[in-house]
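Scroll down for the structure; my scribbles are underneath it.
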Amino acid sequence: MAIAKRVPMREQDPKIRITNFDSVPLGYSAEEAVKEAKRCIQCKVPLCETGCPVRMEIKNIIQLIADEKFEEAFFLSKKDNAVPAMTGRVCPQEDQCEGVCVLDKTGQPINIGKLFAFVADLARKKDLNEELKIKENGKKIAIVGCGPAGITCAVDLRKLGYQVTIFEALHMAGGVLQYGIPAFRLPRDVVDYELSYLEKIGVDLQLNQIVGQNIAFEELKKEYQGVYIATGAGAPRFLGCEGEKLKGVYSANEFLIRVNLMKAYKFPDWDTPIICGNSVGVIGCGNVAMDAARCAKRLGAKKVYVLYRRTKECAPARNEEIHHAEEEGILFREMIAPCKMFGNEDGWVTGMQMVKTEFKGCDKSGRPSPVYIKDSEFVIELDTVINALGTSPNRLFLSNVEGLDTHSWGGIKTDENFMTNIPGVFAGGDALTGGSTVIEAMGNGRDAAEAIDKFVTGDA
Amino acid sequence: MKHTITRKEVLNSADYLIDVVAPNVAKRFVPGNFCVLITIPEGERIPMSIQKVEGDIITLYFKKLGKTSRELDTWKVGDSIYKIIGPMGSPPPIKKYGTVVFASDLVCGHAENWAMCEILKKIPGNHIISIQSFPTEADIYPDKELCEPVADEFILATEDGSRGVKGHYLDVLQKLLEERKIDQVFAGGGIPPLQKISELTKKYNVPVYTTVRQIMVDATGMCGSCRVFIDGEQKLACIDGPMFDGHKVDWEAAISRLAMFTTKEAQAMDCLNEKMKGVK
Ligand SMILES: Cc1cc2nc3c(=O)[nH]c(=O)nc-3n(C[C@H](O)[C@H](O)[C@H](O)COP(=O)(O)OP(=O)(O)OC[C@H]3O[C@@H](n4cnc5c(N)ncnc54)[C@H](O)[C@@H]3O)c2cc1C
Ligand SMILES: Cc1cc2nc3c(=O)[nH]c(=O)nc-3n(C[C@H](O)[C@H](O)[C@H](O)COP(=O)(O)OP(=O)(O)OC[C@H]3O[C@@H](n4cnc5c(N)ncnc54)[C@H](O)[C@@H]3O)c2cc1C
Ligand code: SF4
Ligand code: SF4
Ligand code: FES
């Protein structure tokens, strides 16, 4: 029997979407969702579920969608995932649930992410809320950082009856979901709605509170039975090459924080400015680089280059992001590496010296290693440079906390139960791993919640 | 938390002060810290020095410069600021230095001058000299806002000599350095004079802490906008500073980077002017 093709996702036309920050995918209609859900063959052993770090009941949810029981599908997804509309949009499904779906062999796995986003969007439009009976246990937990890891840990512990307080440094919750991932991938009404769940279930969210800076870590340790550190990995890395001082040179984080958190694309209606030139070079080829490049395009840049020392086939960015970027006219320049930046007499960047690379052997992860080709330097003219070279764990927290064991690269050390060397203090998410995915961070948060509960109840 | 404005006063034709309720900041403030203001939900995150803390109330000095500071100038006692965050930054050691000079020539520097002198004066063994310079007599702040009460010696200077000593703080300091033993200098205000004071103190082999103001966005160490180069090493003004050893600062870069958004700032001002016209 021939397997029916995936129900295609309707998207905004690339020519139009580069002029706005609205969602690129338009979302399934109910008919489309049902049709897609009906393609699922309801495997006896649903492999898809092994690919999901929070172990959503994918098979059953899909069946409910196929049966048009959308509300039940929503409640079932909410059981294991506090933010299904967001993960449905940003999970790298090809490496996770969809990557292990049996239908992946045919090249047509079930579009699990988009199905879940459909159900959660519908629930948002109807403001559906599950009935939760929380039995208070009178115990208090503090969570540092309100990104995916902190959110998940908070929700799970709250459901177990803990009084949970989240301390967040920024003036908005969400972590990377708020300041990093642009609205055209993750619309802000979706973010706001799913985050409002925290308050709905009685999590105390304290914004503008930087632990280690305006609240002492010692205070938390004293006042709470358990502490979870989920401060993420937001500290930008720079190339360390000549020209980093020039104006027009940004870290991807600065560029994205200006655009997403501070809404610089609405300047001057919003106050925070951004300067994006006509010829933008983005260094790196991960999700962050794709987001920065696509934002630059939307800010009106004529030419946006992604400058990468490997080929895009071995890039860490999701296929969907690369595909969308190409549709939007982002220019990929592969097998080249940056050497230094040049500027004019006013201190603005004017270009970059690049060197060509070739592959020689492989690194530990099995990716081919690029090496410089001698005497192959050339110059590319740019008026904006965005470094998307990855980030390191936030050091503001770490530098103000005494006695916490960390790796030399800044990641926090924990045992197999996510507990740090300080009893009762747990850690997870990017602060631990140095950077992974939203859903991995959420899985971390879930595991930590379990461990914290065991620790506090003396069950460990 | 409601950040209500409880006092607002004119300092001179361009500068004004406000007192505002911010217990979160007040409780932990140490001179050398700053705070971040978001005046309205659509606002920028604006770094601000703190002049004084009394109970739950902090005093801030503003210069009417661009969109935010001009718009805030139209606010009245009783209005509230959307968010005030902090204290931020890593202050220099608050300790016995010996004879200390704090020199300032601009709004933020004057605020820092007061705060730092006030705390250092309380430490036995410190002798505090505060220098405040203004372009001309008309620019001088009201007497009660000058640093005289928090210093052991106070020197008021005007560049044209219309009141106090004639000259910029650089001239005053140069004389002091020639005549007396100074153990530590602090300085805040305009950036080009900070470069000069760094050169000057280096000549006399006296250490100097300078407030390196840079454009900030998050002010939590996540964006790198405020990067400064200290002895060739990249630091972040928001979490490692903003006070740095002036002898090590790459001033050319600091001066250049601070001007990155001038075209956009002018555009924001034009929009504000349009809006204000509509109000009238
Ligand atoms: C631009 C960008 C795009 C991405 N795209 C994807 C994608 O498409 N799919 C995907 O799966 N993953 C993506 N990722 C990765 C993913 O977002 C992260 O792995 C994930 O957000 C990590 O979650 P976290 O909770 O550990 O940390 P974060 O999301 O970083 O949250 C940490 C929070 O802690 C706060 N904090 C830090 N220090 C303190 C302190 N001292 N006190 C209080 N609060 C503090 C921070 O302000 C922040 O809000 C992307 C990342 C970026 C930067
Ligand atoms: C640590 C620190 C302490 C400061 N203390 C004071 C103070 O006590 N009183 C005071 O009046 N000003 C202070 N400033 C400067 C203040 O942040 C700016 O004046 C303010 O942002 C101007 O906003 P605006 O919209 O009125 O003007 P704009 O037109 O936006 O800017 C005018 C000038 O202010 C500076 N500036 C603009 N945006 C920022 C930003 N996000 N971060 C830093 N500087 C910026 C630039 O030099 C710019 O050219 C301080 C800055 C720093 C970094
Ligand atoms: S949370 Fe992510 S990995 Fe899990 S089922 Fe949903 S889309 Fe797939
Ligand atoms: S593996 Fe694929 S086909 Fe099988 S149950 Fe999961 S989604 Fe359906
Ligand atoms: S303001 Fe963003 S790192 Fe300092």
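Throughout, a chain's letter reflects where its sequence line sits, starting with A, and its residues are numbered from 1.
- Ring-plane geometry between B:Y16 and B:F62 is classed as parallel, the angle between the planes falling under 30 degrees on a 0 to 90 degree scale with a further cut at 60.
- Judged as a ring pair (Phe, Tyr, Trp, His ring centres under 6.0 Å), and not counting sequence neighbours, A:F167 has no contacts.
- Among B:N24, B:V36, B:V217, B:T263, the residue making the largest number of heavy-atom pairs under 4.5 Å with chain A is B:V217.
- Between chain B and the options A:L396, A:N387, A:I210, the largest number of non-hydrogen pairs under 4.5 Å is found for A:L396.
- Chosen from B:A253, B:S256, B:G221, B:C271, the residue pairing most often with chain A at heavy-atom distances under 4.5 Å is B:S256.
- Taking chain A as the reference chain and counting heavy-atom pairs below 4.5 Å, the highest number among B:A268, B:G43, B:A259, B:P41 is found for B:G43.
- Of all the listed residues (B:Q267, B:R45, B:Q234), the one sharing the greatest number of non-hydrogen pairs under 4.5 Å with chain A is B:R45.
- If you measure heavy-atom distances from A:L256 to chain B, you find no contacts under 4.5 Å at all.
- To the nearest 0.5 Å, atoms CD (A:E244) and NZ (A:K340) are separated by 14.0 Å.
- Legend: residues meeting ring pair (Phe, Tyr, Trp, His ring centres under 6.0 Å) with A:Y193, ordered by chain and number and at least two apart, are absent.
- Both the backbone and the side chain of B:R257 come within contact range of chain A, each with at least one heavy atom under 4.5 Å from a heavy atom of that chain.
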List the atom pairs, donor and acceptor, that lie under 3.5 Å between side-chain atoms in residues 264-274 of chain A and the rest of the protein, sequence neighbours left out.
residue	atom	partner	partner atom	Å
A:D271	OD1	B:K67	NZ	2.9
A:D271	OD2	B:K67	NZ	3.1

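- Between B:T220 and B:C238 there is no side-chain heavy-atom pair separated by less than 4.5 Å.
- Only the side chain of A:N394 comes within less than 4.5 Å of a heavy atom of chain B; its backbone N, CA, C and O stay farther away.
- In this structure, the portion of B:I38 lying under 4.5 Å from any heavy atom of chain A is its side chain and not its backbone.
- Although no hydrogens or angles enter the test, the distance criterion places no donor-acceptor pair under 3.5 Å between the side chain of B:N33 and the main chain of B:F29.
- Around the NZ atom of B:K248, the shell of radius 6.0 Å holds no more than 12 heavy atoms that belong to other residues, nucleotides or ligands.
- Contacts between A:F238 and chain B at a heavy-atom distance below 4.5 Å involve the side chain alone, from C-beta outward.
- Exactly one of B:P193, B:P242, B:S198 qualifies for a side-chain contact (heavy atoms from CB on, under 4.5 Å) with B:T210. That residue is B:S198.
- Residue B:I215 touches chain A through its side chain alone, counting heavy-atom pairs closer than 4.5 Å.
- Counting all heavy atoms, side chain and backbone alike, A:V438 lies closest to A:L177 at CG2-CD2, 3.9 Å.
- At most 12 heavy atoms of other shown residues, nucleotides or ligands fall within 6.0 angstrom of atom CD in A:E242.
- In this structure, the portion of B:F229 lying under 4.5 Å from any heavy atom of chain A is its side chain and not its backbone.
- For the options B:L272, B:L236, B:D240, B:I40, heavy-atom pairs under 4.5 Å to chain A are most numerous at B:D240.
- Within residues 81-91 of chain B, the residues having any heavy atom closer than 4.5 Å to a heavy atom of chain A are B:K83, B:I85, B:G86, B:P87, B:M88, B:G89, listed by residue number.
- Taking every heavy atom of both residues into account, B:S225 and A:R258 meet most closely at OG-NH2, 3.8 Å.
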